[in-house]
Amino acid sequence: MGWAAHALPGLAPHRVAQLDALPRQTCAPDLRLFHAGDLAQGFAIVLDGRVEVHLSSASGREILLYAIEPGQSCIQTTLGLMGDAPYSGTATTVTHCTLVMIPAALFHDLINTSSTFRGFVFRAFAARMGEVTALLEQVAFIRIQARLARALLDMETGGAIHATHAELAARIGTAREVISRQLERWTAAGILHTARGHVSIRDRAALLALAK
């Protein structure tokens, strides 16, 4: 079974064949898929791997809007294709990725003629908008200390977090210097151990309390 029948159950057989015939693209990590200001050329389906979409300010600060993994969508692309608007963010592969690009003309044809495809796009768009709204609520209403503690707990693998200060800052929407100062405080308090590109949790109970 090709990817289309699995991702879009109920899609007409000739449409499944049409999508399965599209070439797969293999992308290396740290590849820019689109930049702010670009126009959407097609609707990308992530079959394997992880892509992250960031917003950048004129001063160089970044915030991670969302990540795209298999089964998820990019609202920037949906908005670009349906509203003819340029990207406002930048998408970068984090891991090796396999993608299928649905050309813009085929995307619009499917949106107009297939209720199955249209439902898939709109449901994915709604789910992604919910995530972005939750991110805005965190940035607006939850203090940085709690956001950072939550991010460290979410990113932990085996007690360790492999991320730079800049990556942590982008994830929670603050400046790298703020992250560095906070990590220094928690290291001095014995909650964490930090090294270049690496953070280890020493006092999980204390970090959980800070995350509340």
Side-chain angles (χ1 to χ4, degrees), residues 27-38 44 46 48-70 72-77 80 86-97 99 128-129 131-204 206-212:
C27 305
D30 203 30
L31 176 68
R32 294 292 173 88
L33 299 179
F34 59 74
H35 295 78
D38 290 348
V46 178
D48 183 61
R50 178 184 172 93
V51 176
E52 292 185 348
V53 179
H54 291 80
L55 284 181
S56 300
S57 69
S59 64
R61 283 178 55 182
E62 286 191 340
I63 183 170
L64 174 64
L65 269 185
Y66 51 84
I68 310 166
E69 295 180 330
Q72 298 178 330
S73 69
C74 174
I75 59 172
Q76 292 260 313
T77 298
Y87 289 112
S88 58
T90 300
T92 308
T93 57
V94 178
T95 65
H96 283 92
C97 294
L99 312 173
R128 184 62 79 190
M129 279 299 297
E131 294 174 10
V132 173
T133 300
L135 171 64
L136 291 175
E137 289 175 350
Q138 284 196 35
V139 172
F141 303 123
I142 300 176
R143 56 200 176 95
I144 287 174
Q145 188 179 64
R147 298 208 310 268
L148 179 56
R150 291 179 186 183
L152 292 172
L153 290 165
D154 289 343
M155 298 170 70
E156 175 200 6
T157 302
I161 300 95
H162 298 282
T164 66
H165 292 190
E167 289 168 343
L168 289 169
R171 187 177 179 96
I172 69 168
T174 189
R176 182 185 60 78
E177 294 78 8
V178 174
I179 296 296
S180 298
R181 288 195 297 270
Q182 191 61 65
L183 292 179
E184 287 175 2
R185 294 189 190 103
W186 289 349
T187 299
I191 298 171
L192 304 173
H193 171 75
T194 58
R196 187 177 181 85
H198 177 91
V199 179
S200 299
I201 299 174
R202 285 184 168 176
D203 189 340
R204 175 177 295 278
L207 197 61
L208 285 167
L210 289 163
K212 296 180 179 177

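- For Arg176 against Ala166, the heavy-atom pair with the smallest separation is CG-N, 3.8 Å.
- For the residue pair Arg202 and Gly190, the shortest heavy atom distance occurs at CB-O, 3.4 Å.
- Counted within 6.0 Å of CG on Asp30, heavy atoms from surrounding residues, nucleotides or ligands total 12 or fewer; the atom is thus considered open.
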Derivation of the side-chain contact (heavy atoms from CB on, under 4.5 Å) call for Thr157 and His162: CA-CA 8 Å; Thr157 302; His162 298 282; 5.8 Å; no
Decide side-chain contact (heavy atoms from CB on, under 4.5 Å) for Thr92 and Glu52; before the verdict, give the C-alpha distance in whole Å, the side-chain angles of both, and the deciding distance to 0.1 Å. CA-CA 5 Å; Thr92 308; Glu52 292 185 348; 5.7 Å; no
Should Ile191 and Arg185 be marked as a side-chain contact (heavy atoms from CB on, under 4.5 Å) after you check the CA-CA gap, both sets of side-chain angles, and the distance that decides it? CA-CA 9 Å; Ile191 298 171; Arg185 294 189 190 103; over 6 Å; no
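- Here the closest non-hydrogen pair linking Ser200 and His198 is OG-NE2, 2.9 Å.
- In plain terms, the two heavy atoms of Ala151 and Ile172 that are nearest each other are CB-CG2, 3.8 Å.
- The closest side-chain heavy-atom distance from Pro29 to His96 is below 4.5 Å.
- Side-chain N or O atoms of Gln76 include one that pairs as donor or acceptor with a backbone N or O of Gly89 at under 3.5 Å.
- Between the side chain of Thr95 and the backbone N or O of Gly49 there is no donor-acceptor pair closer than 3.5 Å.
- In terms of heavy-atom proximity, Val132 sits nearest to Tyr66 at CG2-CD2, 4.0 Å.
- Remark: of the listed residues Leu207, Ile179, Thr174, Ile179 is the sole one forming a side-chain contact (heavy atoms from CB on, under 4.5 Å) with Leu148.
- Between Arg147 atom CZ and Asp154 atom CG the span is 13.5 Å, to the nearest 0.5 Å.
- Looking only at distances, a side-chain donor or acceptor of Thr93 sits under 3.5 Å from a matching main-chain atom of Ala28.
- The CD1 atom of Ile68 sits 9.0 Å away from atom SG of Cys97, with the distance rounded to the nearest 0.5 Å.
- Partner of Arg171 under the side-chain contact (heavy atoms from CB on, under 4.5 Å) criterion, chosen from Leu135, Ile63, Leu64, Leu152: Leu64.
- Here the closest non-hydrogen pair linking Ser180 and His165 is OG-ND1, 2.7 Å.
- The residues Glu131 and Arg128 are annotated as salt-bridged, a charged nitrogen and a carboxylate oxygen being separated by less than 4.0 angstrom.
- Counting heavy atoms from C-beta on, the side chains of Arg204 and Leu153 come closer than 4.5 Å.
- Tested against Leu210, the residues Gln182, Arg143, Gln145, Arg150 include a single side-chain contact (heavy atoms from CB on, under 4.5 Å) partner, Gln145.
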Kindly indicate, with the supporting measurements, whether the criterion side-chain contact (heavy atoms from CB on, under 4.5 Å) is fulfilled by Leu183 and Leu168. CA-CA 11 Å; Leu183 292 179; Leu168 289 169; 4.1 Å; yes
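- Side-chain contact between Leu33 and Leu31: present, with at least one pair of heavy atoms (C-beta onward) separated by less than 4.5 Å.
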